[in-house]
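To keep things clear, I will list the structure first and then write my remarks on it.
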2 protein chains.
Amino acid sequence: MKVTIKDVAEKAGVNPSTVSRVINEDPKLSIREETRQRIMDVIRELDYRPNGIARSLRLKSTRTLGMIIPDITNPFFPEVIKGAEGAAAERGFSLILCNTDEEEEKEKAYLELLVEKKVDGFLVATASSYDRTVEFLSEKDYPFVLVNRRSRDATGRYVVVDDVEGARMVVEHLVELGHRRIAHIAGLLFAETGLNRLEGYRAALNNRQVDFDPAYMTEGGFREIDGYRAAQRLLDLPRRPTAIFAANDLVALGALTAAAERGLRVPEDISIVGYNDIPIAEKVTPPLTTIRVPLYDMGYLAGEILTKIILGEEVPEDRVILKPELVVRWSSGQVPG
Amino acid sequence: MKVTIKDVAEKAGVNPSTVSRVINEDPKLSIREETRQRIMDVIRELDYRPNGIARSLRLKSTRTLGMIIPDITNPFFPEVIKGAEGAAAERGFSLILCNTDEEEEKEKAYLELLVEKKVDGFLVATASSYDRTVEFLSEKDYPFVLVNRRSRDATGRYVVVDDVEGARMVVEHLVELGHRRIAHIAGLLFAETGLNRLEGYRAALNNRQVDFDPAYMTEGGFREIDGYRAAQRLLDLPRRPTAIFAANDLVALGALTAAAERGLRVPEDISIVGYNDIPIAEKVTPPLTTIRVPLYDMGYLAGEILTKIILGEEVPEDRVILKPELVVRWSSGQVPG
DNA sequence: TTTGATTGCACAATCGTTTTTATATATAAT
DNA sequence: ATTATATATAAAAACGATTGTGCAATCAAA
């Protein structure tokens, strides 16, 4: 017994088109105040709500954004999502969220789904899948913006944080504390973020005239276990590093565990720093020195840019590089001895 | 230049209806294999994808579920969401997620939105809003299932965990360790979970012949700051409790901070236990003794029930009460002295 | 009183599907 | 050869909105 615009029209004794114009406040509609009231009353009386599907079909616009993220349980993303949602909501858009679990296949499937569902634009926060997604979207000319990553050729729109700058900051902080033997547990080096942090690490060493020692550089991954394993190797080196810069906080946590297993105190015996400032970073013992990235802002800006594009508004900046911030806590200290 | 079913039909030299039937594998369609192939070829050639909106309009079904949650940054929810998404995906449904930030107004707005978007059913994981949501949904006869809560009158479908049992378990665990002065930082008492945990707490005391002391019972909330404030009051009591049962892990974290500020060691000076076993619980120092609830399962079951209802399948159990599990870590210890 | 403009609303086409009903051809049965 | 039955496809009517255009009625100006 769904009530349609026709029912309203009938009961109000007008034509459906008139009801539609009243609802949408068509500026070029001239209508008697009395009729308008009558229509509004009937709408309330019947508790009429327009059918968004029919509306979308006619308007060729769903006022919906599709957002693709790798893993909703990674504490990095919820804040980003909130930001995107906030920006979307401000312009009357809603968000449909797709979790790929880092599986390329799922990503592809979701992409198809979103296309079928006719979302007006895409927010892409996954980085793993060899740019197939980006390729697909540009090819079809669907509006999209990349979140926390760029495309391989750096075309298109994106909102990222300046990872080389962040890495540089935290590593220079270590140098200032007197460290010279600073190791780096790199993330995946085919991910842009991994590469950039490595670059920032090398830049910092270079800036401060500290020699780069390949033995102190180890490729890991972005998970806790990756940090644990890599730290084990590092800590068993004959000339042990006095500080470790981990690719992210999770990796730093793994390193913390490895250090604890060897009876090393942090930061007295060794400093360990992370990246991202996920909520857990300040909870752990010792609280992690890390780099805070503006997660909410990143999501918000991406959402803002995308909705503006869709609405045909001017977008002055569609390639945004956000500045990270150094957060000094307890896990970084003077060089021992 | 979107390609429609009409374009395909034209190019294949058939009627759109035939194309439609081929796509949907209409069983009562008899078609020459040759024609069918021709159509399929054209579909591939034009890279035709059906318009889901038009399809939904016609079919009166969007194959979409709306899920309302209070706070996506609360680590409790992502896992639940994943479960729901998994169940939905298995039956070809997708999920649109709505974050209310615990604001009743936002919840109402999202509800309207989801109705306009014609989702086929609702997953409701918010508890705060005086049942207006549930009322609305039942009144309009929209299919829905409650997640981690029940309606006031316990009608309708739901998937919850046995919170009184969980609370009982963890409190009895404390009693077994010798504690008698066990405080409880309750959650919001107009939320069912808050109420139930309080009930479990009292049941445990009662079972073990420990007197209930109103001074040890304090209403807080579900956030970390609530736990911090409540713990401050509790710890400044003349006869300090030897153990605190917090409404959830976040609250326990706040309590941990308050204890640390007073120089109290956990668990040597005071035991603190949480609820939910969110990922951070095992990372914090000391790792929290807590109650593990099957988050993924909760979401999955809710999603399964809802989609089955929608598809008209039999649902043997639409009121599920899941069993929690005690996880003993380091934050609970022998009573001091 | 006629003309012209403006107001107030209705008509009908359209969006891209699905689905019921109808029609035309081929095959089989009589 | 004729009728009955299957087979293969087409035509047309929804689904529930929006919107350009058109037609009266009202009002102002001449």
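Hydrogens, waters and symmetry mates are skipped; everything else that's a heavy atom, side chains included, is used.
Across Glu102(A), Glu107(A), Glu104(A), a single residue satisfies side chain to side chain donor-acceptor pair (under 3.5 Å) together with Thr126(A), and that is Glu107(A).
First and last contacts of DNA chain C with chain A, using any nucleotide atom under 4.0 Å from a protein heavy atom and ordered 5' to 3', fall at dT7(C) to dG16(C).
In this structure, Ser30(B) and Lys60(B) both approach DNA chain D, and ranking their closest nucleotides by distance from the 5' end singles out Ser30(B).
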(message) I need a per-nucleotide contact map over nucleotides 17-22 of chain D, read 5' to 3'. Cutoff is protein heavy atoms under 4.0 Å; write B for the base, S for backbone only, - otherwise.
(response) BBBBB-
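Asn24(B) places no side-chain N or O within 3.5 Å of a backbone atom of Asp26(B) that could act as its donor or acceptor partner. Between the side chain of Lys118(B) and the main chain of Leu57(B), no donor-acceptor pair closer than 3.5 Å is present. For the pair Glu85(B) (side chain) and Leu95(B) (backbone), a donor-acceptor distance under 3.5 Å is absent.
Inter-axis angle, ends of the helix from dT1(C)-dA30(D) to dT30(C)-dA1(D), five pairs per end, rounded to 10 degrees: 60°.
Looking at heavy atoms from C-beta onward, Phe93(B) lies in side-chain contact with Ile310(B) at the 4.5 angstrom threshold.
Heavy atoms from other residues, nucleotides or ligands lying under 6.0 Å from CD of Glu313(A) number more than 12.
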(request) Test Lys82(B) against Asp101(A) for salt bridge (Lys or Arg N to Asp or Glu O under 4.0 Å), laying out the working first. (result) CA-CA 10 Å; Lys82(B) 257 195 178 174; Asp101(A) 286 326; 3.2 Å; yes
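Using a 4.0 Å heavy-atom criterion, one finds that Thr35(B) contacts the sugar-phosphate atoms exclusively. In this structure, Leu57(B) reaches the bases: a heavy-atom distance under 4.0 Å links it to at least one base atom across the strands shown.
Look at Glu112(A) and Lys108(A) and you find a salt bridge, because one of the NZ, NE, NH1 or NH2 atoms lies within 4.0 Å of a carboxylate O, short of that distance. Salt-bridge annotation for Asp7(B) and Lys2(B): absent, with no side-chain N of the basic residue lying under 4.0 Å from a carboxylate O of the acidic one.
A distance of 9.0 Å separates CG of Leu123(B) from OG1 of Thr307(B), quoted to the nearest 0.5 Å.
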